[in-house]
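Heads up: the structure comes next, in structure tokens.
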Amino acid sequence: MTVSAGAGPEAVARRLRDGMAGGVLSFPLTSFRDDGTLDPDGFRAYVAERLAASPGAVFPACGTGEFFSLDEDEYRQVVTITVEEAAGRVPVVAGIGYGWAQAVRFARIAEDAGADALLVLPHYLVAAPQDGLVAQLEQIAARTRLPLIAYQRGQVAFTAESLKRIAALPHVIGLKDGHSDLDRLQRLTLAAPEDFLFFNGAATAEIQARAYATVGVPAYSSAVHAFAPEIADAFFAALRDGDHGTVDKLLRDFYVPLVELRDRVPGYAVSLVKAAARLRGHRVGLVRAPLTDPSDRDLAELSALLSTGLDLVGATL
């Protein structure tokens with residue numbers, strides 16, 4: 001079964017739900033050349049390899065893909081290449097963001113490129129009341145035919161009442177959570193319609209995957225899938241099958257040390273992932289400012305940790 005461009009919200013939501021049951025959500029890195037320009041050929045090869053690892057869905061040009069550093073032409077190329085490589089096998093959910101007027105500009109590009117849905121990244125800079133958070137989604141939903149997934153993180157945090165309001169919008173099909181406030185999240189899941197989608201979007205989501213599942217949110221995005229799908233898939237399978245011994249071992253020996261390394265420097269949530277992909281031989285290039293690449297010391301530690309993680313699942317660097 002494939003996803004066709006222009007499929008309705010219900011069809012896209014159904015395909016996303018089916019995909020989430022069978023694999024992690026993949027957020028591909030964006031490839032840059034040594035001079036910092038977009039590398040379309042490198043990205044095509046890289047995203048094809050992500051898709052070969054059978055994710056539940058693919059989310060180009062989001063946080064891990066450095067959406068915030070892409071101009072509109074680069075964004076168009078990234079989404080178009082992803083749609084072409086996915087060829088309808090899995091849903092393609094493109095990131096959009098900033099204020100609603102700019103988000104709509106990116107939404108229209110994603111529509112033209114054939115994306116199936118949009119992830120609405122947190123708006124730029126300012127704090128806003130609940131009415132404003134809802135209005136942001138209303139303005140975007142009124143100007144695109146594509147289904148929308150809201151993303152609460154940073155200055156965006158919906159109340160249960162606001163969740164009811166955005167879930168009533170015709171195009172809004174889900175919510176990705178990056179706050180990891182399980183009390184609030186439980187209230188949101190209870191307030192939502194039965195068919196509303198929820199996603200664990202915590203940084204290095206595997207760390208909290210079991211906790212999220214207890215409040216009805218088993219699906220999660222995996223940054224590790226961007227560089228080591230063997231590890232990400234082994235963890236997903238162990239969690240799904242209730243193999244807590246394997247889950248604990250992967251958490252203890254790989255994921256927790258990775259998070260400790262990630263937390264050393266702001267922005268490492270992306271730049272460490274990109275560095276790990278380069279260690280695996282992927283043509284993704286360096287990060288763009290304001291992010292910075294890992295120090296030599298941290299890169300050496302990352303390399304050793306990556307080897308450990310791959311050994312745990314019987315894979316090689």
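All values below were derived from every heavy atom in this structure, side-chain atoms included, with hydrogens, water molecules and symmetry-related copies excluded. Note that the structure is predicted; figures quoted are calculated from it, not measured.
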Between the side chain of [X] and the main-chain N/O of [Y], is any donor-acceptor distance below 3.5 Å?
| X | Y | answer |
| --- | --- | --- |
| His171 | Thr144 | yes |
| Arg283 | Asp39 | no |
| Arg76 | Asp112 | no |
| Arg184 | Phe158 | yes |
| Ser303 | Leu299 | no |
| Glu85 | Ala48 | no |
| Asp177 | Ser180 | yes |
| Gln152 | His179 | no |
| Glu206 | Phe236 | no |
| Lys274 | Asp293 | no |

Does any non-hydrogen side-chain atom of [Y] lie less than 4.5 Å from one of [X]?
| X | Y | value |
| --- | --- | --- |
| Arg44 | Tyr46 | no |
| Val83 | Val79 | yes |
| Leu305 | Phe254 | yes |
| Leu119 | Phe27 | yes |
| Leu29 | Val273 | yes |
| Arg33 | Pro40 | yes |
| Val256 | Ile207 | yes |
| Leu251 | Phe235 | yes |

Does a sphere of radius 6.0 Å around [atom1] in [X] hold more than 12 heavy atoms from other residues, nucleotides or ligands, not counting ones at 6.0 Å or beyond?
| X | atom1 | result |
| --- | --- | --- |
| Arg105 | CZ | no |
| Asp34 | CG | no |
| Asp296 | CG | no |

Discussion item. Could you tell me if Gln77 and Thr80 have a donor-acceptor pair between their side chains, going purely by distance under 3.5 Å?
Written reply: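 Side-chain D/A pair, Thr80 to Gln77: absent.
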(request) Could you give me the CA-CA distance, side-chain angles and deciding distance for Leu25 and Val93, then say whether side chain to side chain contact (heavy atoms under 4.5 Å, CB included) is met? (result) CA-CA 10 Å; Leu25 306 176; Val93 184; over 6 Å; no
Could you walk me through whether Val284 and Phe227 satisfy the side chain to side chain contact (heavy atoms under 4.5 Å, CB included) test, starting with their C-alpha distance in whole Å, then the side-chain angles of each, then the deciding distance to 0.1 Å, before giving a yes or no? CA-CA 10 Å; Val284 295; Phe227 62 87; over 6 Å; no
**Request:** Establish whether Val172 and Leu190 are linked, either directly or via other cluster members, by ILVMFWY side-chain heavy-atom contacts under 4.5 Å.
**Result:**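 No, separate clusters.
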### Message
If hydrophobic clusters are built by linking Ile, Leu, Val, Met, Phe, Trp and Tyr wherever their side-chain heavy atoms come under 4.5 Å apart, do Phe43 and Leu286 end up in the same one?
### Response
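No, no single cluster joins them.
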Show the nearest heavy-atom pair for residues [X] and [Y], with the distance to one decimal.
| X | Y | result |
| --- | --- | --- |
| Gly201 | Arg153 | O-NH1, 2.9 Å |
| Leu239 | Ala209 | CD2-CB, 3.6 Å |
| Val90 | Pro55 | CG1-O, 3.5 Å |
| Ala234 | Val313 | CB-CG1, 3.4 Å |

Using a strict cut-off of less than 4.0 Å between a Lys/Arg side-chain nitrogen and an Asp/Glu carboxylate oxygen, indicate whether [X] and [Y] qualify as a salt bridge.
| X | Y | value |
| --- | --- | --- |
| Arg187 | Asp181 | no |
| Arg240 | Asp233 | no |
| Arg288 | Glu74 | yes |

Step-by-step ring pair (Phe, Tyr, Trp, His ring centres under 6.0 Å) determination, Tyr220 to Tyr212:
CA-CA 9 Å; Tyr220 60 90; Tyr212 268 80; 9.3 Å; no
If you draw the axis of the six-membered ring of Tyr151, does the NZ or CZ of Lys176 fall within 45° of it and under 6.0 Å from the ring centre?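 Output yes; distance and angle both within limits.
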- Give me the ring orientation class for Tyr75 and Phe106: parallel if the planes are under 30° apart, tilted from 30 to 60°, perpendicular past 60°.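 Tyr75 vs Phe106 ring planes: perpendicular.
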